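See structure below.
All residue numbers refer to positions in the sequence shown, counting from 1. Here the structure is a predicted model, which means the values were calculated and not measured. Indexing begins at 1, ligand by ligand and atom by atom, following the structure's order.
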Amino acid sequence: MDMLGAFYWRGAAEEKLLLQRCGSCGFIRFPPTILCPRCFSPEIDLIESEGRGTLWSYAVPHKPRWDWLDPGAMLAVVELDEGVRVASNLTGASLDDVFIGMGVEVWFKQVRDGIALPMFRPATVARD
Ligand SMILES: [Zn+2]
């Protein structure tokens, strides 16, 4: 775990999806960076994402090489409502029902003590 992203994993362990927001211009970014890519400020505020977004892209690997990746798992890139994209997994949906732009929400898969992975599933609350 690199220090730059440590806050993200500490937040995940507490079932919070944390993002960096520039303390100078307010730009929200992901993945974590030392300086704001917009104004180069080192000032950082951490904010908790609402955990909702839309499916931006997805893929189904047919030969998972990792034992932590369930067969049939969908890899997903989600565009959060805060405007950033995160790579994760999509669960709880069949391939027939998945489409780009569908509403999704975060949940946290507890892997072991102190380690949780942010995952996404179809949104349970209707989107605006
Ligand atoms: Zn900035």
Side-chain angles (χ1 to χ4, degrees):
M1 176 186 307
D2 69 287
M3 295 303 290
L4 189 57
F7 76 88
Y8 182 79
W9 298 110
R10 278 197 305 270
E14 297 174 4
E15 305 205 340
K16 295 176 181 177
L17 193 59
L18 298 180
L19 301 172
Q20 289 180 319
R21 181 177 60 198
C22 176
S24 180
C25 77
F27 184 68
I28 298 171
R29 61 193 193 254
F30 189 88
T33 55
I34 296 172
L35 301 177
C36 174
R38 179 188 278 175
C39 75
F40 306 112
S41 168
E43 302 297 322
I44 296 169
D45 296 326
L46 295 181
I47 62 166
E48 183 177 352
S49 167
E50 293 292 321
R52 290 193 294 268
T54 55
L55 187 63
W56 189 79
S57 185
Y58 65 97
V60 180
H62 292 282
K63 292 186 177 180
R65 292 180 295 156
W66 306 283
D67 54 9
W68 52 264
L69 185 62
D70 300 330
M74 282 182 248
L75 306 181
V77 177
V78 170
E79 186 165 83
L80 295 173
D81 288 352
E82 288 83 4
V84 298
R85 293 179 191 143
V86 298
S88 181
N89 286 164
L90 180 65
T91 65
S94 74
L95 195 53
D96 290 340
D97 298 329
V98 171
F99 60 94
I100 301 295
M102 70 183 286
V104 294
E105 64 185 20
V106 74
W107 66 279
F108 295 88
K109 180 178 182 178
Q110 297 294 330
V111 178
R112 57 187 158 91
D113 222 19
I115 298 180
L117 299 175
M119 314 281 271
F120 286 84
R121 62 189 172 205
T124 55
V125 176
R127 299 182 58 78
D128 299 334

> How many N, O or S atoms of the protein are nearer than 2.8 Å to the Zn ion (ligand 1)?
Replying inline: 4
>> Could you work out, with salt bridge (charged side-chain N to carboxylate O under 4.0 Å, His left out) as the rule, every residue matching Arg121, not counting sequence neighbours?
In response: Glu105
> So, Glu43 and Ser24: side-chain donor and acceptor under 3.5 Å apart, yes or no?
Replying inline: no
> Counting only heavy atoms not in Trp107, do more than 12 sit closer than 6.0 Å to its CH2 atom?
Replying inline: yes
>> Heavy-atom count check: over 12 atoms from other residues, nucleotides or ligands less than 6.0 Å from Ile34 CD1?
In response: no
>> Could you work out, with ring-ring contact (aromatic ring centres under 6.0 Å, His included) as the rule, every residue matching Tyr58, not counting sequence neighbours?
In response: none
> Among pairs that include at least one residue of residues 83-103, which meet salt bridge (Lys or Arg N to Asp or Glu O under 4.0 Å), considering only residues two or more places apart or in two chains?
Replying inline: Glu79-Arg85
